[in-house]
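Heads up, the thing below is written out as structure tokens.
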Amino acid sequence: MKRVMVLTGGGDCPGLNAVIRAIVKRASQETDWEVLGSIKAFDGILNEPTELMILDSEKVAGIHYQGGTIIQTTNKGGPYAWPVKNKKGEWEYVDRSDEMIRKMSYLGIDAVISIGGDGSQRISQRLFKQGLNIIGVPKTIDNDLSATDSTFGFQTAIEIATEAVDKLVTTAASHNRVFILEVMGRDAGWIALNAAVAGGAEICLIPEIPYDTNEVLSKVNARFHKGRGFAIIVIAEGAKPKDGEIIGEKSTEVGYEHVRLGGIGFKLEDDLKTLGCEHDIRVTVLGHLQRGGVPIAYDRVLASQFGVKAFEMVLNEEFGRMVSYNHPYITSVTLEDAIQKPNLVTLDTALMKTARGLGISFGNDQIALEE
Ligand code: F6P
């Protein structure tokens, strides 16, 4: 019997269970393969006792529409930065990758499928270089991986953010208010841009285009002068003013390396007020609602395609590669290429042009001149 170990790493994302199910369903068509799930990314294999789960047809039945991941996930620690307390009681981070690879070999694990975002793919690439038979599957609601046309979970997040804009429009119009909706995306403005276009927002502020708060205020005022007595601003969590910084805080959670973004919506409210905005402003931070719950059909389909492809890559021994969507094909790229550069919004992005054609302001008219 051959064994493939599946894991989900990084933040969860709608569609993870559909990938797991697809891997198991495709593997069950072969007579000699068993699928194991490592609980909480690589923690399951690193922990003592080992936390692995046999993933068979029964375990994955009907999970394609469930949010989250049945094998759990983590965006802390990992094989290269495993937290341990030293004698002084302080946390230190140790490299357990060699030991982990040896353990997998001892357990008869022939291949690994790692479903994760850019951080997870970086880990996969390092492990591949150390000799592990590993395949990556891209996931993220942020859509910030450039080696694939799209990632699953992204469209579900857009759907949720758009629904939020639709809801805020009705309350904003009723009260003649300015509403600021803060959405996720880390360094990428994709969720904000899509939700702004789909929801008909007036202003969209994204990390790729630092904004001028005076321009934002002018746009808000112009909108009220026109007689449209409300305004919707969609702002990405990683956005920042031209002369300012990203708003976030270093986490105290052990093994959590990222800066926790959040709060730029409230900063914008304060700044608009300081500049004399006379309209009432309310801020909504959508947060993890964008990652929770049922994946929409598009994401279930893409996730299923990724899962089947990943297992077929195991069969073909195409290790060191990541599954990729290259419309209309599901193909693959080397992990090396997959981690080269992030997928960020650029001025020549078709949707960016559409947004500007619709009159959406990015709080920085200068961008028109720079083209
Ligand atoms: O990368 C996905 C994402 O949801 C980002 O959009 C967000 O900044 C981050 O994860 C939040 O991470 P956590 O779940 O650790 O708070």
Side-chain angles (χ1 to χ4, degrees), residues 7-16 19 40-43 67-69 71-78 81 83 114-124 136-148 150-162 164 181-196 204-208 234-240 245-267 284-293 295-296 299 302-303 322 338-339 341-345:
L7 60 104
T8 50
D12 70 327
C13 172
L16 286 170
V19 183
K40 279 192 190 256
F42 288 103
D43 289 13
T69 159
I71 50 175
Q72 300 185 283
T73 187
T74 178
N75 50 11
K76 297 192 244 178
S114 171
I115 312 167
D118 59 341
S120 303
Q121 303 309 337
R122 274 171 215 288
I123 292 175
S124 302
V137 175
K139 74 86 224 180
T140 164
I141 62 162
D142 304 337
N143 200 36
D144 57 356
L145 286 162
S146 60
T148 180
S150 189
T151 50
F152 62 86
F154 172 52
Q155 293 295 334
T156 301
I158 293 171
E159 203 65 37
I160 294 165
T162 303
L181 174 67
E182 183 180 308
V183 298
M184 282 185 165
R186 290 213 80 82
D187 304 326
W190 294 112
I191 297 175
L193 178 59
N194 279 270
C204 176
L205 306 175
I206 58 176
E208 294 87 340
V234 179
I235 187 165
E237 62 181 2
K240 58 175 183 193
E245 295 297 321
I246 286 174
I247 306 289
E249 57 182 41
K250 185 86 190 88
S251 171
T252 51
E253 293 165 5
V254 177
Y256 191 94
E257 285 175 4
H258 308 284
V259 170
R260 287 187 63 194
L261 298 178
I264 188 67
F266 290 104
K267 172 168 172 52
T284 299
V285 180
L286 205 46
H288 292 77
L289 288 175
Q290 289 157 100
R291 277 189 1 207
I296 63 167
D299 284 333
L302 189 60
M322 184 187 82
I339 57 174
K341 63 178 174 73
N343 175 31
L344 301 177
V345 177

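Note that ligands are numbered from 1 as they come in the structure, with each ligand's atoms numbered from 1 the same way.
- The side-chain contact (heavy atoms from CB on, under 4.5 Å) search around Lys341 returns Ser146, not counting sequence neighbours.
- Around ligand 1, the residues contributing at least one heavy atom under 4.0 Å from the ligand are Asn75, Ile141, Asp142, Met184, Gly185, Arg186, Glu237, Tyr256, His288, Arg291.
- Contacts of Ile339 classified as side-chain contact (heavy atoms from CB on, under 4.5 Å), with partners at least two apart in sequence or in another chain: Gln121, Arg122, Gln125.
- No donor-acceptor pair closer than 3.5 Å links the side chain of Trp190 to the backbone N or O of Phe154.
- With hydrogens and angles ignored, the 3.5 Å screen pairs a side-chain donor or acceptor of Glu237 with a backbone N or O of Gly185.
- For Phe266, there are no ring pair (Phe, Tyr, Trp, His ring centres under 6.0 Å) partners, not counting sequence neighbours.
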Practice problem: Give the C-alpha distance, both sets of side-chain angles, the deciding distance and a yes or no for side-chain contact (heavy atoms from CB on, under 4.5 Å) between Thr156 and Ile141. | Solution: CA-CA 8 Å; Thr156 301; Ile141 62 162; over 6 Å; no

